[in-house]
Each structure stands twice: as structure tokens, then as C-alpha cells.
Number of protein chains: 2
Amino acid sequence: MDNKPVPDIVVGRLPIYLRALTFLKTEHREITSSQELGDRLGISSAQIRKDLSHFGEFGKQGTGYDIRHLEANLKQILHVDRMWDVVLIGAGDLGHALANYRGFAGRGFHIAAVFDKSGDKIGREIVEGLVVEDVVTLSERVKQVGWKMAIIAVPAEEAQPVANTLMEAGVKALLNYAPISLMVPSGIRVEHIDPAVHLQHLTYYLG
Amino acid sequence: MDNKPVPDIVVGRLPIYLRALTFLKTEHREITSSQELGDRLGISSAQIRKDLSHFGEFGKQGTGYDIRHLEANLKQILHVDRMWDVVLIGAGDLGHALANYRGFAGRGFHIAAVFDKSGDKIGREIVEGLVVEDVVTLSERVKQVGWKMAIIAVPAEEAQPVANTLMEAGVKALLNYAPISLMVPSGIRVEHIDPAVHLQHLTYYLG
DNA sequence: CTTTCTTTGTGCAAACTTTGACAAAGGTCG
DNA sequence: CGACCTTTGTCAAAGTTTGCACAAAGAAAG
């Protein structure tokens, strides 16, 4: 709880804690402890306490943490105590799965628009109330509406150009599903999801 | 290059290096350097050299790295100089996208079978040559065929039971897309992919 | 009310990870 | 062929992250 920036590795664990708390709520639990959370997540209890201590004091000695209270605080810290509009680029199989994913709404995100470059996808209603738009209008629309987050679900060769368009139009955070490392200037944040990368990490240990 | 285990954080970067090398090949490049790779990946050149030094000497001073040679070595280190059969559980939108994903084959993976519990999906051909099987036969089939890797693409509440079935049947590595932290015994490896977790990591910085 | 038990938040030490710097090796060019 | 340039692999230092251990706070039980 000082004024130095919180380490990114700590920030990255907060959504995991938040997810675990929301899960505990579905079990109608009201109180938990760093010990219980750690056991569930495979993390030491000391680490959880230390991570949380960067942001304040949320627990009660002898008792633990009030689940709703800690959940509310984590949502605020992560700025998901509001809804974020996210623009999705790519209406292929993956884009389809993301547009239909029911898990975003409860966690702070709303797919606000979908873009693709393929003529036979543009104009189609990918999901109730969401019509695929032409990617040539992407820049204009992003500037107009002011979206700050985007999910890139296009083929590898188009990912960097799409990212450039988005950044130029004011998007500040990217979630990239294309199997390529995006190059971005400082000030823009990117997260990468590539199933083959994860699988290859696993095969290392399969001897 | 000693006999201590290589840090997991280093192992986790190798698939990124491999992906970058494969990409350079598409640009018909033959030689690269730790400097160039680092610039592309946003990693320091020293770190790349250090990471690779855990496994041997792959470069040539004054020149850099032969792309094909380093790529072949990384594939061997990661055990993707062979094809891995992967079993996929869940034939919803996400399962569909994964079963149709063209990116696995070139990187060492083949979706060998798909399982679901829903009557209206079982028996359907999800992709050319891949018919959705009934999840009640999962354990039996895994034991029979000896699959070692699985991708879990089922709803959160079914992920842990499915994981338990898989592990009991001999699967050693899991890639979990369900929004829940799986509890697994030591000896089993899991990687988690949850888009909302990544998006929440990003929103922290969007103030 | 006192003892005992639980659990937090934190100071410190240990463990781990990244970076800087440079000798050695090899290439290039006049 | 000699001077100069490039780039590796590695050592040591710096920086970061984790875990231990414990005082303090609170709950529970008698």
C-alpha cells in the first residue's frame, strides 16, 4: 500500500482471485481465507495476502475475507465495476464463438460491434442484435464511438495491420488471438492468446 | 546448459521464439539475431540468448542464428518434432472453432476426437472426419487409445468433473478454456485460457 | 475474563529473473 | 592480411518476486 506502481505480475493475478470469489458465491459462501483461496488456486496464502496488501486491507484477523466485500473491491481495482464496450475484429469461427460467449457480461464486458472484411459475412447478424460491419469502416467507427478495447480474431497476416488501424483510431488495449506477436508502441497494452503456444508449453513436460 | 531443471518461465517463452522463427521463414529470411528477435517480441536480446543457453549453443558469433536450424532445435526441445493427438471435450461454439482451427497441424497438434454430452451434438460430424462422441464413453476411449493431452471447452460447472475423468484415464496435460481454476494433483500440468481474465488484466491499466 | 485458536498484514531473507558488460569468435572490406 | 564490425555465450550485479515467520487483532469456548 505505497505509491509505487503495483507489479504487473500481481495485477495479473487479481482477475484470478476475482473469478474464484465469484465462484465461491455460487456455493453460497460468505467468508473465505487466504489459505482457502490459495489451496483452490494453487498459490501460497502468503502471496495472496501480499498481493492484496498492495491495494489496502480487506480482511479481518481471526476471520478472513468477506467474499462480497473483497469481490466488490477487486472489481473496482480492476475497473470492472462498470461495463466496457469491446470491438471484435474477425467473424470467422473464433469470432463467432466470442460474439456468442455468455461469460463476458457478468465480468464487465460487452461486445459492441463486429467487423470482417469478407463480403459474405458483412451484413449478417452474427448474434441477436449484432450485425457484421465492413472492416473498411473500422477506423471511422472507432473514432466516432470512442471504443478503447478490441479483440483481434483475424488470420495472422492481417493482425498487425488491423492492430495498427485500431491504435491509430484510439484503441488502447488489445486482446490478440492471432498467432503472431504484435508490435505496439508503449502506452498500448496487448495480451496474447494462442492455443498452440500453450500446448507447446505443455508438451515440453511430456518428455 | 547444466542439469538443473530449466525454469518454467523460460520454457514458456520458447513457443514464442519458435512462432517468431516460423514467421521469419514466411518472409524468406535465413538468418536472424537475438537483437532482431528481441525487437520483434519486445524482449531484451540478452534474455533470448540466456534462455537459449539453457539448452545449448545454437548461434554463430558475428552472424546470429540460422533460422531453420534454431527452429528445428526448438521443436525438438519442446517435443513438437512429432504430432500429438489431442482430445477435445465440448462441441459448443468454442469446441467448433477449435476443431476447425487450421493452425494446429503445422505446430505439432491434431484433434483426434471430440466429445460432448448433448444428445443433439453426439453423432454430428463437427469437421470432415471427426464425429462427436458421447462423453460417457470418454474414460474408456482415453484408456483404450492412450491420449495424453486434452482441451477442455465445456461450461465451468462441468470442467472439474471432466478433468477428473481425463486424469483418471491417464491424460497428463490439460488446456482449460472453462472460466474456473482447475485443481489437479502434482504430475499433471494445466494451462488456463480465459478471455475475461485477460481483458480484466487490461482494464486495470485503462484507469 | 482468560485461555486458546485462527487469520491477517508485513518485515526480512531467500530464491529467482533480468540486465549489463565483455571476451571470444567470426565475418567484411579495403 | 589487418583493421574493424557484428554477434554470441556467460559472468556478475541488480532488480524482482516469493515465502517464512511472527506480532497483533479478533473470535470462540469454558
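A, B, ... follow the sequence lines: proteins, then strands. Residue 1 opens every chain. Note that this is a predicted model, so its numbers are computed, not measured. All heavy atoms count here, side chains included; hydrogens, waters and symmetry mates do not.
Among the protein residues, Ser45(B) comes within range of no part of the nucleic acid, since none of its heavy atoms lies under 4.0 Å from any strand.
At dT18(C), none of the side-chain N or O atoms of Ser44(B) fall inside 4.0 Å of OP1 or OP2 (strictly under the cut-off). Between Gln61(A) and dA24(D) there is no side-chain N or O to OP1 or OP2 distance below 4.0 Å. Considering only side-chain N and O atoms, Tyr65(B) lies nowhere under 4.0 angstrom from the phosphate OP1 or OP2 of dT6(D). Here Thr63(B) does not reach the OP1 or OP2 of dT7(D): none of its side-chain N or O atoms lies under 4.0 Å away. For Arg13(B) and dT18(C), the shortest distance from a side-chain N or O to OP1 or OP2 is below 4.0 Å.
We find that CD1 of Ile9(A) is positioned 6 Å from P of dT17(D), with the value rounded to whole Å. dT7(C) atom C1' lies 13 Å from atom CG of Leu37(A), rounded to whole Å. As rounded to whole Å, 8 Å separates atom P of dT16(D) from atom NZ of Lys4(A). Taking atom CD of residue Gln47(A) and atom C1' of nucleotide dA15(C), one finds them 13 Å apart after rounding to whole Å. Between the CD atom of Glu57(B) and the P atom of dA24(C) there is a distance of 15 Å, given to the nearest Å. Remark: P of dT18(D) and CG of Leu41(A) are 14 Å apart, rounded to the nearest angstrom. Taking atom CG on Asp51(A) and atom P on dT10(C), their separation rounds to 13 Å, with Å as the unit. At whole-Å resolution of the value, CD1 in Ile48(B) and C1' in dT17(C) are 15 Å apart.
Side-chain atoms of Arg49(B) lie closest to dC22(C) of the nucleotides dT8(C), dC22(C), dG9(C).
Between the side chains of Asp51(B) and Gln47(B), no donor-acceptor pair of N or O atoms lies under 3.5 Å. Ser53(B) and Arg49(B) share no side-chain donor-acceptor pair at under 3.5 Å. A donor-acceptor pair shorter than 3.5 Å cannot be found between the side chains of Ser181(B) and Arg40(A).
Without hydrogens or angle criteria, Asp134(B) side chain to Thr137(B) main chain gives no donor-acceptor distance under 3.5 Å.
A donor and an acceptor atom never sit less than 3.5 Å apart when one is taken from the side chain of Lys50(B) and the other from the base of dG9(D).
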* Asked: For Leu21(B) and Leu74(B), what are the C-alpha separation, side-chain angles and deciding distance, and is it a side-chain contact (heavy atoms from CB on, under 4.5 Å)?
  -> CA-CA 10 Å; Leu21(B) 292 165; Leu74(B) 284 178; 3.6 Å; yes
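Between Asp8(A) and Thr32(B), the one whose closest nucleotide on DNA chain D sits nearer the 5' end is Thr32(B). Annotation: of the two residues near DNA chain D, Gly62(B) and Pro7(A), the 5′-most nearest-nucleotide partner is Gly62(B).
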